[in-house]
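When reading the values below, keep in mind they use all heavy atoms of this one structure, side chains included, and skip hydrogens, waters and symmetry mates. By convention in this document, chain letters (A, B, ...) are assigned in the order of the sequence lines, proteins followed by strands, and residues within each chain are numbered from 1.
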Protein chains: 2
Amino acid sequence: MAERTIASQSLDPCPINPVVDLVFSRWTTPILWVLRHHGRQRFNQIERRLPTISPKVLTQRLRQLERDGLVARTYYAEIPPRVEYEMTELALSLVPVFETLVDWSEAHLHKVEQARRAYDSA
Amino acid sequence: MAERTIASQSLDPCPINPVVDLVFSRWTTPILWVLRHHGRQRFNQIERRLPTISPKVLTQRLRQLERDGLVARTYYAEIPPRVEYEMTELALSLVPVFETLVDWSEAHLHKVEQARRAYDSA
DNA sequence: TACAGTAGGTTCCTAGAGGAAAGTGACCTC
DNA sequence: GAGGTCACTTTCCTCTAGGAACCTACTGTA
């Protein structure tokens, strides 16, 4: 490992922080998961599939996902109004990321449980 | 996370939530990133590389990572005391996950910026 | 004598996320 | 005319993660 100056030490950002803020902030992965596995969904459909989310927070998250280009919102000016949400192509490009995480969970998550039990008993 | 019980699994089956809570909670990826790219590090070395973290929070995060089996802590009973932190094998198994995220960022993150500009100008 | 380095611990406090519950408006049903 | 549907919006409130500042014991150094 090469010598580094003090100045360069502080300039050492974690390059995955932006994508972590984007994809792994609260409720975003459950929402994307619902849209991925159930296709286009109306607001109340998503709400029913995520029983512990409040409508205020669901609205906030969907707006954020729409602004980030991960969710497409389609409004139908009917009475009563109808709104449908679906994943964009950009969000679909995240599917391999999610699959990597699922694979890691299946292979290694039990070791985390083991480590916690060992730590707590010591 | 406490509500993620058997009952909610049928309605809320996002299987990556546990690993998200584990790996992508605040400060954990920057800490792991520092350990990955600079090897074993002492407490103050990590602190200097993450200029905006407070010592209290750094202690909390390191304890949590140690409990989860992602970081190994070695204490040397010298005067003044010396403590070194390093990634465990379990944490090293996450490296492909991080690389997947880096790849996605390089390929797609600029589209998020575009989407935000388009949304904000509309 | 005074101070710095070491790895944190402790106390106090605040900003902000997020939950609960009620409201909105236009229409349809009973 | 009372209530339901839909997609939110608004208001109020609580909880907690996290920041700031200070403290610990011990020694080497100026």
Side-chain angles (χ1 to χ4, degrees), chain A residues 6 9-10 14 17 20-31 34-35 38-68 71-86 119, chain B residues 1-5 7-8 11-12 14 17 20-31 34-35 38-68 71-86 119:
Chain A
I6 293 175
Q9 278 179 10
S10 56
C14 175
N17 253 345
V20 169
D21 289 342
L22 180 74
V23 182
F24 300 110
S25 57
R26 193 153 147 102
W27 288 117
T28 58
T29 51
I31 291 171
V34 165
L35 294 180
H38 301 282
R40 294 174 65 110
Q41 295 276 297
R42 307 178 62 166
F43 186 91
N44 280 349
Q45 287 178 308
I46 303 173
E47 197 179 1
R48 278 185 222 109
R49 294 191 193 277
L50 302 174
T52 61
I53 199 171
S54 69
K56 186 188 78 169
V57 175
L58 181 55
T59 302
Q60 287 176 346
R61 293 297 138 212
L62 286 171
R63 288 281 185 284
Q64 179 190 319
L65 288 167
E66 189 194 356
R67 179 171 181 266
D68 292 339
V71 158
R73 179 180 188 269
T74 310
Y75 176 79
Y76 300 92
E78 307 168 352
I79 300 292
R82 181 162 59 100
V83 178
E84 288 182 347
Y85 297 91
E86 62 185 326
Y119 184 95
Chain B
M1 188 160 163
E3 291 303 315
R4 194 151 306 285
T5 56
S8 69
L11 282 169
D12 183 13
C14 178
N17 253 342
V20 169
D21 290 341
L22 180 73
V23 182
F24 300 110
S25 57
R26 187 142 199 230
W27 287 117
T28 57
T29 50
I31 291 171
V34 165
L35 293 180
H38 302 283
R40 296 175 64 113
Q41 294 277 298
R42 307 178 64 167
F43 185 91
N44 281 348
Q45 287 177 307
I46 303 172
E47 198 179 359
R48 278 185 222 111
R49 293 191 194 278
L50 302 173
T52 62
I53 199 171
S54 70
K56 187 188 77 168
V57 175
L58 181 55
T59 301
Q60 287 175 345
R61 293 295 140 214
L62 286 171
R63 289 281 185 283
Q64 178 190 321
L65 288 167
E66 189 194 354
R67 178 171 181 267
D68 292 339
V71 158
R73 179 180 188 269
T74 310
Y75 177 78
Y76 299 92
E78 306 169 352
I79 302 288
R82 181 161 61 99
V83 178
E84 287 183 349
Y85 298 90
E86 62 184 328
Y119 185 94

Distance in angstrom units between [X] [atom1] and [N] [atom2], rounded:
| X | N | atom1 | atom2 | answer |
| --- | --- | --- | --- | --- |
| Glu84(B) | dG8(C) | CD | C1' | 16 Å |
| Arg73(A) | dC6(D) | CZ | P | 16 Å |
| Gln60(A) | dT11(D) | CD | P | 14 Å |
| Asp21(A) | dA17(C) | CG | C1' | 15 Å |
| Ile31(B) | dG18(D) | CD1 | C1' | 13 Å |
| Ile79(A) | dT29(C) | CD1 | C1' | 16 Å |
| Leu58(A) | dA7(D) | CG | C1' | 10 Å |
| Glu78(A) | dT5(D) | CD | C1' | 13 Å |

Does a side-chain N or O from [X] land closer than 4.0 Å to OP1 or OP2 of [N], or not?
| X | N | result |
| --- | --- | --- |
| Arg82(B) | dG5(C) | no |
| Arg26(A) | dG18(C) | yes |
| Arg61(A) | dG18(C) | yes |
| Asn44(A) | dT5(D) | no |
| Arg63(B) | dA7(C) | no |

ask   = Using the ring of each side chain (for Trp, its six-membered ring), is Phe43(B) parallel, tilted or perpendicular to Tyr85(B), with breaks at 30° and 60°?
value = tilted
query = Has the side chain of Lys56(B) got a donor or acceptor that lies under 3.5 Å from a partner of the other kind on the base of dG8(C)?
reply = no
Identified side chain to side chain contact (heavy atoms under 4.5 Å, CB included) counterpart of Phe24(A) within the set Thr29(B), Val23(B), Asp21(B), Val20(B) = Val20(B)
note = Comparing Pro81(A) with Trp27(B), nearest DNA chain D nucleotide closer to 5' gives the residue Pro81(A)
Of the listed nucleotides [options], the one nearest the side chain of [X]:
| X | options | result |
| --- | --- | --- |
| Thr59(A) | dA7(C), dT9(D), dG19(D) | dT9(D) |
| Val83(B) | dA7(D), dG8(C), dT9(D) | dG8(C) |
| Val57(A) | dG18(D), dG18(C), dC8(D) | dG18(C) |

request  = Any chance you could measure Arg40(B), atom CZ, to Ile46(B), atom CD1, to the nearest 0.5 Å?
outcome  = 11.0 Å
task = Can you measure from CD1 (Ile31(A)) to CG (Leu62(A)) and round to the nearest 0.5 angstrom?
result = 5.0 Å
inquiry  = Please classify the nucleic acid contact of Tyr85(A) as base, sugar-phosphate, or nothing, using heavy-atom distances under 4.0 Å.
reply    = sugar-phosphate
query = Side chains of Gln64(A) and Arg61(A): donor-acceptor distance under 3.5 Å anywhere?
reply = yes
